[in-house]
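Report on the structure given below.
Hydrogens, waters and symmetry mates are skipped; everything else that's a heavy atom, side chains included, is used.
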Amino acid sequence: MTRGTPGFRCDGRYNRRMRRLLLLLTTCAIVFAQKKPFDVNALMALKRIGDPQISPDGKLVAFTVQTVDVAANKKPVQVFTVPLEGGTPRQITQDGESNQRPRWSPDSKRIAYLSDRGGSSQIWMMDPDGGNAKQVTNLATEADGHLFSPDGKNLIFTSAVYPECGADDACNKKNLDAEMAGKVKARIYTELLYRHWNAWQGRRRSHLLVIPAAGGAARDLTSGARDVPPFSLGGGDDYDISPDGQEVCYSMNADPVPATSTDSDLYVVAINGGQPVKITITPGADSNPRYSPDGKYIAWRAQLRAGYESDRWRLMTLERSSGKVANLTENLDRWVNSFTWSPDSANLFLTTSDRGRQAIHVIPTAGGASHTVASGDSELDDMQLTRNGRTMVYTQQSGVSPVEIYRASSSGGTAFPLTHLNDQTLGDSQMTPLEEFWVDGADGAKIHTFMIRPPNFTPSRKYPVLMLIHGGPQGFWGHAWTYRWNAQVFAAAGYLVVMPNPRGSTGYGQKFVDEINNDWGGRAFDDIMAVADHMVSDVPFADASRMTAAGGSYGGYMIDWILGHTQRFKALISHDGVYNLASEFGATEELWFPLWEYGGTPWDKPESYAKWSPNNYVQEFHTPTLVIHGEQDFRVPVNQGLELFTALQMQKVPSKLLLFPDEGHWVLKPQNSILWYKTFIDWMDSWVKKR
């Protein structure tokens, strides 16, 4: 061995290898440096994939792609297909701005879809290549949520009709025309729920209608003054058609005061019409019924506690011949988020969230333990199986990649991507992986947190910290993509982004979820402060003197609570946050939520509302705060943001108010979203970066 580095030969071959290695490293560094920060412009350039549907013959997958037209301030949606075996996706709709919900006919020869190409949302039918498009419905009240009957003869769908009219389109049109022509726009109400999310309740109600697939007159299956489906707690279709095409099962909340009740139940009705029959008695919500392919069972998701929208979602089955009900997931201490049947009806595939990931599991219909068939540092969903049950299609997203569609064996194994629509945008951008850590929170509970470092990270530097607090409060941060509150955009702005999952977060057991009830500013606040302590003491590249925090909805509440309980943050952002619990109760719409969380009304439980209401700690407000609110937000009404901003101004606290007259609980319009991100980042920069 000659002189030089121990273990290496200092000869010509070694020098050549080292030169090649150095050249390779330099080239990689240059390539990375040439990548752009993942800012809001890159976010807007992404194609937003959704709703994959396997053709019954197993040849194609139809899906939707939403793009963003910033100049027009629109987000058009088109239908695409891709071969199940792999290939180039093909756009098959062109006309109209909204082409959604592709659903295959049982023989795979036609696709029914929703389109506004004729000026209103109606059901259209087209060939798999997009040709021969024909309009099926032409209703004054429009159409939504269609499904083919398994025999291909009928389509069921929803439409917001006048209860006295039902499916009589002439009657509905007459009423609509009268409303439009009326000079008085006043509203009169005599009961709750009189508005929801961002819309005022009118005289119309969502009904379930049926129409021949070939076109013709529609029939109303759910007459009356109740919405079918109800204001769903769980998402997804709340109705299904039996395999023989003769029966429809749907969810409906028949409570006299739906604003205070989560008690939706399942009903069945003949597809030819008739008297509906109630088939569930669960005191909580019953949602998302699905017939087994053999017709023997109906499966659905259920919550067992009345009035609690964040109770654990179980997977239930009803044996139609005997009426026997089975709870398949009682021993699984996680929420069932979505599910589908195997083609042989022997198993159910389901998704659950656990520690920031969402995996696909399978459980026998007869009962027993579930096992995982697909998982990873990601969120998996929208699973479907081919008719032979061997192949599964699903969507996958993560903290570094938006939704794409994958194919895999239904028994597990390596997944094959069917779409790559965002490869170029992501490849041109600097994306930062999610890291995670655990800290001890209140009562010794383990608190899980994700963290994202800024691009071009240098360990010797100290970075400003942005702590994001999720909403819900029964929500979570995880390995998933989001177009709102996108952590990659914040990291690209130079922030060390921290996303804790404190008490109330889902995916850590129902006890962990329940411990937020009537304790909004208690253990959850302590959990968040424990994460902040960890960043100060154990993360050498976190600048404790430049910590900021932001949150929306309940996350906004926590920002408002932080205002009155600590001054460790240099700047705060409260988006659509709950500020005054008593006044919020009187102006919100889903009253079951505060009734459960605080055990009653403000006049029944004044001590609970007073104890946990941020407005009672105004004299402790000192931290510069940006307040953001949507004027069409009926969940957390705009008075909450206005009250907060007024208090900040009266306390002489540096503050700014950003109001969106045309947004609700979320900022959805492209140009509004760009302004939101810019104002958000500029506010933080103004307090933690050199000016």
Side-chain angles (χ1 to χ4, degrees), residues 31 35-36 38 41-70 74-105 107-115 117 124-133 360 374 376 378-388 390-398 400-410 413-429 431 481 483:
V31 169
K35 291 189 175 184
K36 301 174 184 178
F38 187 82
N41 295 316
L43 188 71
M44 294 293 159
L46 293 174
K47 297 176 174 62
R48 308 178 185 192
I49 296 170
D51 200 14
Q53 301 290 320
I54 303 177
S55 62
D57 62 12
K59 295 180 179 179
L60 294 171
V61 177
F63 61 99
T64 60
V65 177
Q66 182 186 72
T67 54
V68 178
D69 185 340
V70 174
K74 296 178 179 179
K75 295 189 286 190
V77 183
Q78 301 293 345
V79 178
F80 284 63
T81 60
V82 65
L84 183 64
E85 295 304 312
T88 302
R90 177 185 179 187
Q91 181 177 334
I92 61 171
T93 58
Q94 310 292 334
D95 298 323
E97 292 181 3
S98 178
N99 295 278
Q100 303 191 62
R101 199 178 167 89
R103 293 297 182 269
W104 292 94
S105 62
D107 61 6
S108 301
K109 293 182 179 179
R110 299 285 276 168
I111 298 174
Y113 65 107
L114 293 174
S115 180
R117 60 188 293 175
W124 287 67
M125 204 88 72
M126 63 181 168
D127 293 340
D129 63 0
N132 195 26
I360 299 175
S378 57
E379 180 176 297
L380 311 181
D381 208 345
D382 304 306
M383 57 281 179
Q384 293 190 347
L385 288 91
T386 53
R387 277 182 172 172
N388 61 16
R390 297 173 185 171
T391 302
M392 177 172 61
V393 167
Y394 57 87
T395 57
Q396 176 176 301
Q397 58 177 305
S398 73
V400 296
S401 177
V403 168
E404 299 283 357
I405 302 172
Y406 285 77
R407 183 195 74 225
S409 168
S410 60
T414 303
F416 175 81
L418 292 177
T419 60
H420 300 268
L421 298 188
N422 292 301
D423 284 2
Q424 181 172 343
T425 300
L426 296 178
D428 290 341
S429 303
M431 307 297 290
W481 191 257
Y483 291 96

Measure the CD-CZ distance between E97 and R117 for me, rounded to the nearest 0.5 Å. 13.5 Å
Using a 6.0 Å distance limit plus a 45 degree cone around the ring axis, check whether R48 lies over the aromatic ring of Y483. yes
Point-to-point distance, once rounded to the nearest 0.5 Å, from CZ of R407 to OG1 of T391: 7.0 Å
If only atom types and distance count, is the side chain of S398 paired as donor or acceptor with the main-chain N or O of V400 below 3.5 Å? yes
Checking side chain to side chain contact (heavy atoms under 4.5 Å, CB included) for the pair V393/Y406: CA distance, chi angles, key distance, verdict? CA-CA 6 Å; V393 167; Y406 285 77; over 6 Å; no
To the closest 0.5 Å, what do you measure between NZ (K75) and CE (M44)? 7.5 Å
Hey, mind stepping through Q53 and D51 against side chain to side chain donor-acceptor pair (under 3.5 Å) and telling me if it holds? CA-CA 6 Å; Q53 301 290 320; D51 200 14; 2.9 Å; yes
Main chain of G131, side chain of D129: is a donor-acceptor contact present, judged purely on distance under 3.5 Å? yes
D95 and N99: which non-hydrogen atoms are nearest, and at how many Å? O-ND2, 2.9 Å
Judged by atom type as modelled, is there a donor-acceptor pair below 3.5 Å linking the side chain of S401 to the main-chain atoms of Q397? no
Restricting to non-hydrogen atoms, name the atom on S378 and the atom on Q396 that form the minimum distance, rounded to 0.1 Å. CB-CG, 3.9 Å
When you measure from the side chain of S98 to the backbone of S115, do you find a donor-acceptor pair of N or O atoms at a distance under 3.5 Å? no
Closest heavy-atom contact between A415 and Y394? CB-OH, 3.2 Å
Output for pair (K35 NZ, D428 CG), nearest 0.5 Å, gives 8.0 Å
Write down the atom of I111, the atom of P128, and the distance for their closest heavy-atom approach. CD1-CA, 4.0 Å
Using atom types as modelled and distance alone, determine if a side-chain donor or acceptor of E379 lies under 3.5 Å from a backbone N or O of W481. no
Aromatic W104 / basic R110 pairing, under 6.0 angstrom, 45° off normal: no
Counting only pairs under 3.5 Å, give me each side-chain donor-acceptor contact of residues 81-92, with atom names and distances, residues two or more places apart or in other chains.
| unit_1 | atom_1 | unit_2 | atom_2 | d |
| --- | --- | --- | --- | --- |
| Q91 | NE2 | T93 | O | 2.8 |
| Q91 | NE2 | Q94 | OE1 | 3.4 |

Considering all heavy atoms, the nearest Y113-P102 contact: CB-CA, 4.2 Å
Using 0.5 Å steps for rounding, measure from the CD1 atom of I405 to the CG atom of L421. 8.0 Å
Could you verify whether a donor N or O on one side chain and an acceptor N or O on the other, from Q384 and D382, lie under 3.5 Å apart? no
Return a table of donor-acceptor pairs under 3.5 angstrom between the side chains of residues 57-65 and protein atoms on other chains or two or more places apart.
| unit_1 | atom_1 | unit_2 | atom_2 | d |
| --- | --- | --- | --- | --- |
| D57 | OD1 | S55 | OG | 2.7 |
| D57 | OD1 | K59 | N | 3.0 |
| T64 | OG1 | G50 | O | 3.1 |

Run the side chain to side chain contact (heavy atoms under 4.5 Å, CB included) test on T419 and I49 for me, step by step, so that the C-alpha distance in whole Å, both residues' side-chain angles and the decisive distance to 0.1 Å come before the verdict. CA-CA 9 Å; T419 60; I49 296 170; 3.7 Å; yes
Taking atom NZ of K47 and atom CD of E404, what is their separation to the nearest 0.5 Å? 10.0 Å
Heavy-atom nearest pair, M392 first then A374, reads CE-CB, 4.4 Å
